[in-house]
Amino acid sequence: MHEKHEKTNAMRQLDRKKAVYTVYSYDGGALSGTEVASALGKAPERCFKTLVTVGKTGGHYVFMIPVAAELDLRKAASAAGEKSVAMLPQKELLPLTGYIHGGCSPIGMKKQFPTFADATIADGETVCFSGGRVGLQIETTLAVLQSVVPVTLADLTV
């Protein structure tokens, strides 16, 4: 199913690992994560958004949480071993990660940052997340995701 789409960095990294994944495309307007889940016919708790933060020490951290959830910055800081973390300003996202807001994938960033996922990611057979471009989602297993990006599970949501 991935042959119809122009490859993104995320897809190329999955292909290098010979990983099994499915690519979905949707009309990439200014959709919320829950609208994307609905457009794909997926449960919102199985679709994860990718958030990039900056810690008090200046380190960057990636957090994956269900699209309908809100990141608890205290829990995120604790998971990352920081005193505090703040959302990365949107204008800094592209230069730092190579991805734009709404198309940020945990896979294929310019640099690999410590990555954390809400523990609920382990509750289902598969997980959906951005494919690296607005309008593209990748669905795969947690094991496949972790074979490409080291992901630490933690309680991250409000």
Side-chain angles (χ1 to χ4, degrees), residues 1-2 4-14 21-55 60-80 84-110 112-142 144-146 148-149 151-158:
M1 179 159 188
H2 0 279
K4 294 181 266 193
H5 304 284
E6 188 181 321
K7 296 283 183 185
T8 63
N9 286 344
M11 289 185 247
R12 283 190 277 279
Q13 283 200 2
L14 286 162
Y21 65 98
T22 306
V23 176
Y24 297 100
S25 59
Y26 59 92
D27 196 12
L31 297 178
S32 71
T34 50
E35 289 168 326
V36 170
S38 177
L40 300 178
K42 300 288 177 188
E45 56 274 7
R46 300 310 316 142
C47 294
F48 280 61
K49 55 188 169 186
T50 306
L51 304 173
V52 182
T53 64
V54 60
H60 294 96
Y61 304 93
V62 176
F63 294 95
M64 296 176 68
I65 63 169
V67 294
E70 186 182 329
L71 181 64
D72 183 316
L73 293 173
R74 272 201 193 101
K75 290 178 182 178
S78 175
S84 64
V85 296
M87 293 303 300
L88 185 75
Q90 195 170 318
K91 67 182 187 321
E92 294 177 26
L93 189 64
L94 179 61
L96 183 72
T97 66
Y99 290 128
I100 62 165
H101 180 74
C104 189
S105 180
I107 301 173
M109 290 187 184
K110 287 180 175 181
Q112 184 62 61
F113 299 107
T115 303
F116 302 86
D118 190 70
T120 60
I121 199 169
D123 293 349
E125 285 182 32
T126 62
V127 59
C128 287
F129 51 87
S130 175
R133 187 178 304 132
V134 174
L136 279 185
Q137 289 280 303
I138 289 173
E139 181 176 30
T140 193
T141 64
L142 175 58
V144 165
L145 174 62
Q146 288 181 310
V148 182
V149 175
V151 178
T152 303
L153 304 190
D155 175 17
L156 298 173
T157 56
V158 171

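These numbers come from a predicted model, not from an experiment.
A pairwise comparison of heavy atoms in V151 and A117 identifies CG1-CB, 3.5 Å as the closest pair. Nearest heavy-atom pair, V85 versus A76, reported as atom, atom and distance to 0.1 Å: CG2-CB, 3.9 Å. Closest approach of P106 and S130 over heavy atoms only: CD-O, 4.4 Å. Closest non-hydrogen pair, P44 versus A37, comes out as CA-CB, 3.9 Å.
Judged by distance alone, the side chain of E92 and the main-chain N or O of P89 form no donor-acceptor pair under 3.5 Å. Panel note: side chain R12, backbone K7; a donor-acceptor pair is recorded below 3.5 Å. Y26 places no side-chain N or O within donor-acceptor distance of the main-chain N or O of V36, the cut-off being under 3.5 Å. A donor-acceptor pair is defined here as one N or O able to donate and one able to accept, closer than 3.5 Å; no such pair exists between the side chain of T97 and the backbone of M109. A donor-acceptor pair under 3.5 Å is formed between the side chain of T8 and the backbone N or O of G131. Using modelled atom types, no side-chain atom of K49 and backbone atom of A68 make a donor-acceptor pair closer than 3.5 Å. Formation of a donor-acceptor pair under 3.5 Å by the D118 side chain with backbone atoms of D155 is not found in this model. Side chain of T120 to backbone of D123: no donor-acceptor contact under 3.5 angstrom is found. Counting only distance, with no hydrogens or angles, the side chain of K75 and the backbone of T157 share a donor-acceptor pair below 3.5 Å.
In this structure, the separation between CG on L153 and CE on M64 is 10.0 Å, given to the nearest 0.5 Å. With values rounded to the nearest 0.5 angstrom, F48 atom CZ is found 10.0 Å from C128 atom SG. Annotation: the span from M87 atom CE to L51 atom CG amounts to 4.0 Å, rounded to 0.5 Å. Separating the CZ atom in R133 from the SG atom in C104 is a distance of 14.0 Å, to the nearest 0.5 Å. The CD atom of E45 sits 11.5 Å away from atom OG1 of T34, with the distance rounded to the nearest 0.5 Å. Rounding to the nearest 0.5 Å gives a distance of 6.5 Å between CG of L156 and CG of L71.
A donor atom on one side chain and an acceptor atom on the other are not found under 3.5 Å apart for E139 and T22.
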Can you list the steps and then say if V127 with R46 is a side chain to side chain contact (heavy atoms under 4.5 Å, CB included)? CA-CA 5 Å; V127 59; R46 300 310 316 142; 4.1 Å; yes

Test side chain to side chain contact (heavy atoms under 4.5 Å, CB included) applied to H60 and T53, step by step: CA-CA 6 Å; H60 294 96; T53 64; over 6 Å; no

What do the steps show when you test L88 against L96 for side chain to side chain contact (heavy atoms under 4.5 Å, CB included), and what is the final call? CA-CA 10 Å; L88 185 75; L96 183 72; 3.7 Å; yes

Stepwise side chain to side chain contact (heavy atoms under 4.5 Å, CB included) test for Y99 and N9: CA-CA 10 Å; Y99 290 128; N9 286 344; 3.7 Å; yes

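Put simply, the side chain of M11 reaches to within 4.5 Å of the side chain of I138, judged on heavy atoms. Within the 4.5 Å cutoff, the side chain of I100 has no heavy atoms near those of the L93 side chain.
Under the ring pair (Phe, Tyr, Trp, His ring centres under 6.0 Å) test applied with F63, the options F129, F116, F113 reduce to a single match, F116.
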